[in-house]
Amino acid sequence: MNFIIESTVKAVKQLYQADIAPADISLQETRKEFEGQVTIVTFPFTKFSRKSPEQTGAEIGEYLKKSLKEISAFNVIKGFLNISICSAYWIDQLYTEILKDDFAVLKPNGKKVMVEYSSPNTNKPLHLGHVRNNLLGYSVAQILEAAGYEVIKTNLVNDRGIHICKSMLAWQLYGNGETPQSTGEKGDHLVGKYYVIFDKEYKKEIEFLKSEGQTEEEAKKNAPLIKQAQELLLKWEAGEEKVIDLWKTMNTWVYDGFGKTYKALGVEFDKFYYESNTYLLGKDIIDEGLQSGVFFKKEDGSVWIDLTEDGLDQKLVLRADGTSVYMTQDMGTAQLKYDDFQMDESIYVVGNEQDYHFKVLFLILQKLGKAWARGLFHLSYGMVDLPSGKMKSREGTVVDADDLIAEMESTARKQTEALGKINDFGEEEKEQLYHTIGMGALKYFLLKVDPKKRLLFDPNESVDFQGHTGPFIQYTHARIKSVLNRATITGMETDPTELAPEERDLIVTLTQFPDIITQAAIAYNPGTVANYVYELAKTYNKFYHEHSILQAEDELVKQFRLELSVASAKVISKAMNLLGIDVPERM
RNA sequence: GCACUUGUAGCUCAAUUGGAUAGAGCACCUGACUACGGAUCAGGAGGUUAGGGGUUCGACUCCCUUCAAGUGCACCA
């Protein structure tokens with residue numbers, strides 16, 4: 001559509017002797033109720049033309065129609081110039097752009113971007129909140145790659161700290177040597193179970209101490225279990241062999257479990273970072289900051305940064321005893337990641353409860369003069385809440401990721417069996433399909449929503465398979481494939497004839513795909529792609545219902561509609577791929 | 001208390017980044033092929049965009065204000 005913008009610039013220059021930038025022209029899709037495919041808003045030009053918006057629109061429209069052969073007609077309604085582009089142009093777009101292999105393959109932009117996501121704790125299995133994080137991170141990475149970036153997907157695993165020690169301790173005390181092998185339980189669930197047991201026993205101790213007259217606060221501090229856990233942490237930090245061995249063993253169980261869940265979710269990583277390796281980092285940055293005067297030391301020896309001028313608080317960056325806090329560690333890890341990859345941008349996919357932390361972190365790194373700090377971005381997303389409120393691992397009120405996946409698969413099975421279209425599939429093939437459809441429903445459900453909005457998930461109301469859903473789009477794809485399988489494409493191209501509105505609308509929608517990728521990449525929002533591909537599927541379905549493909553009027557029309565179907569299936573598949581969703585050939 | 005985020009149809013979400021009469025899906029009602037897959041399509045009903053004020057040719061969008069919800073304001077990570 002650039003040619004229209006260019007000509008409009010010329011038109012304004014010729015007609016009104018004014019220079020305007022291409023960016024000043026608002027070109028948008030024409031609303032369905034009006035004639036035309038693209039619309040120019042003419043209000044901004046009235047200050048040059050000194051005429052009414054209607055008259056300005058008419059004059060520009062006249063100019064464009066005369067100078068561009070692609071424009072077949074125009075009309076002006078209020079300040080909106082609606083332009084109709086001739087069928088030949090759209091048909092040409094289909095054959096020379098959309099059907100080409102490199103359609104929507106954006107040129108490498110020479111930039112490297114890191115996407116950090118998932119970042120689990122090793123003391124509990126993944127739940128619905130993690131699922132949103134993983135799907136978001138993976139999809140954003142896919143979109144950025146499609147937009148021309150070189151992408152590095154990383155996962156910073158929180159594998160140390162007091163919470164891990166709690167699971168370890170509970171396993172030592174109550175585990176009787178249980179292993180994933182002996183119980184058949186998935187490793188992460190086994191470890192998570194002991195985390196819950198710890199909490200239960202710990203609470204019992206607190207109650208007991210309170211009954212002996214201690215306050216809640218005292219009881220929490222004095223409970224033998226918490227003291228033991230703290231001791232365990234000290235031993236871990238001291239590198240005591242037995243503790244480290246147990247830690248390693250239990251971590252192996254957890255990673256094994258996570259690996260299965262990641263595989264089911266279809267996400268992957270190029271590089272893992274472990275907090276057990278990074279938690280001591282950041283101290284040299286403290287020295288750096290002290291020397292440059294960005295940080296200051298208080299009398300007790302603790303190190304701070306004063307951000308009051310930026311409307312924030314004073315923030316501690318190093319304890320008086322010289323040990324790190326979360327911020328110290330994150331500064332160090334940021335530096336480490338940059339040293340490893342020299343990326344231009346770095347995206348942290350982390351929940352919105354950490355908005356403040358990242359605001360401060362990025363600001364500190366900028367103040368320290370790190371040039372790369374400007375490329376840091378916190379992709380903040382809203383929590384997933386249940387009707388009963390927030391999910392709490394310790395209290396067991398979570399929607400477990402593995403359970404959820406299994407449930408989605410079973411719903412997909414029911415729906416598919418009821419329709420009975422794949423009775424000839426083998427067992428394995430069926431299972432694979434149920435997984436594809438179930439995950440399609442779940443992923444689409446989670447990704448179509450703007451990341452920053454919080455999400456309400458009601459486990460009693462299953463995720464839909466009809467309407468604005470993943471399976472709807474998957475179904476459209478399968479149906480196209482089914483039609484294509486019944487015909488032969490000869491490669492014959494149609495002479496430009498008059499397109500039916502449904503055919504033209506479909507091509508128009510298809511041509512928008514590259515722009516959609518760019519938009520989604522700029523906004524880090526898979527929802528843009530999700531809503532687009534739904535729109536595309538709907539547009540195809542409408543075309544499909546209005547026009548017969550295999551029984552078309554003549555062979556030329558049939559071939560044209562087949563090619564249109566090929567293009568639609570291709571774009572649907574590519575767009576869904578950006579969301580991490582597979583599309584089946586049959587379902 | 002302060003800061004950040006959110007508030008759109010009964011429910012779940014859109015709205016081309018300031019553009020036309022605010023659009024979809026679910027649920028509800030009506031209808032559609034002896035045709036390529038009915039997980040589909042066409043139509044109906046459903047709105048004071050939380051309330052109020054302002055900016056302008058034009059506001060769901062920007063500014064002010066009130067209200068509601070969530071989150072953060074740890075020498076936890």
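Protein chains get the first letters and strands the later ones, always in sequence-line order, with residue 1 at the start of each.
Here A/Phe34 packs flat against the base of B/A20; its ring centre is closer than 5.5 angstrom to the base's six-membered ring, tilted by less than 30 degrees. In this structure, A/Phe472 does not count as stacked on the base of B/A39 under the 5.5 Å centre distance and 30° plane angle limits.
In a base pair of the Watson-Crick type (N1 to N3 plus N6-O4 or O6-N4) or a G-U wobble (N1-O2 and O6-N3), with each distance short of 3.5 Å, B/A3 is matched with B/U71. Both distances falling under 3.5 Å, in either a Watson-Crick or a G-U wobble arrangement, occur for no nucleotide opposite B/A27. Nucleotide B/C57: paired with B/G19 (Watson-Crick or G-U wobble, both distances less than 3.5 Å).
Residue A/Phe45 contributes atom CZ, which lies 15 Å from atom P of B/G19 at whole-angstrom precision. In this structure, A/Ile489 places its CD1 atom 14 Å from C1' of B/C36, rounding to the nearest Å. Taking atom NE2 on A/His163 and atom C1' on B/C76, their separation rounds to 9 Å, with Å as the unit. Atom-to-atom, NE2 of A/His357 to P of B/C75 comes out at 14 Å; the value is rounded to the nearest Å. Atoms CD (A/Glu502) and C1' (B/A42) sit 12 Å apart, rounded to a whole Å.
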> Which nucleotides of nucleotides 5-14 of chain B have their base under 4.0 Å from a protein heavy atom (B), which only their sugar-phosphate (S), and which neither (-), written as one string 5' to 3'?
Replying inline: SSS-----SS
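As judged by a 4.0 angstrom heavy-atom cut-off over every strand, A/Gln474 is placed among residues making no nucleic acid contact.
Residue A/Arg31 has its side chain nearest to B/G23 when only B/G23, B/A77, B/G25 are considered. Among the nucleotides B/A77, B/A24, B/C75, the one closest to any side-chain atom of A/Tyr326 is B/A77. Residue A/Phe43 places its side chain closer to B/G19 than to any other of B/A39, B/G19, B/A77.
Nucleotides B/A3 and B/U55 place their C1' atoms 26 Å apart, quoted to the nearest Å.
More than 90° away from 0 lies the glycosidic angle of B/U61, which makes this nucleotide anti.
With hydrogens and angles left out, the side-chain atoms of A/Asn541 and A/Arg479 include a donor and acceptor closer than 3.5 Å.
A heavy-atom distance below 4.0 Å to RNA chain B is reached by none of the residues of residues 504-520 of chain A. At a non-hydrogen distance threshold of 4.0 Å, A/Lys538, A/Asn541, A/Lys542, A/Tyr544, A/His545, A/His547, A/Ser548, A/Ile549, A/Leu550, A/Gln551 from residues 535-556 of chain A come into contact with RNA chain B.
Not one N or O on the side chain of A/Lys297 forms a donor-acceptor pair closer than 3.5 Å with the backbone of A/Leu290.
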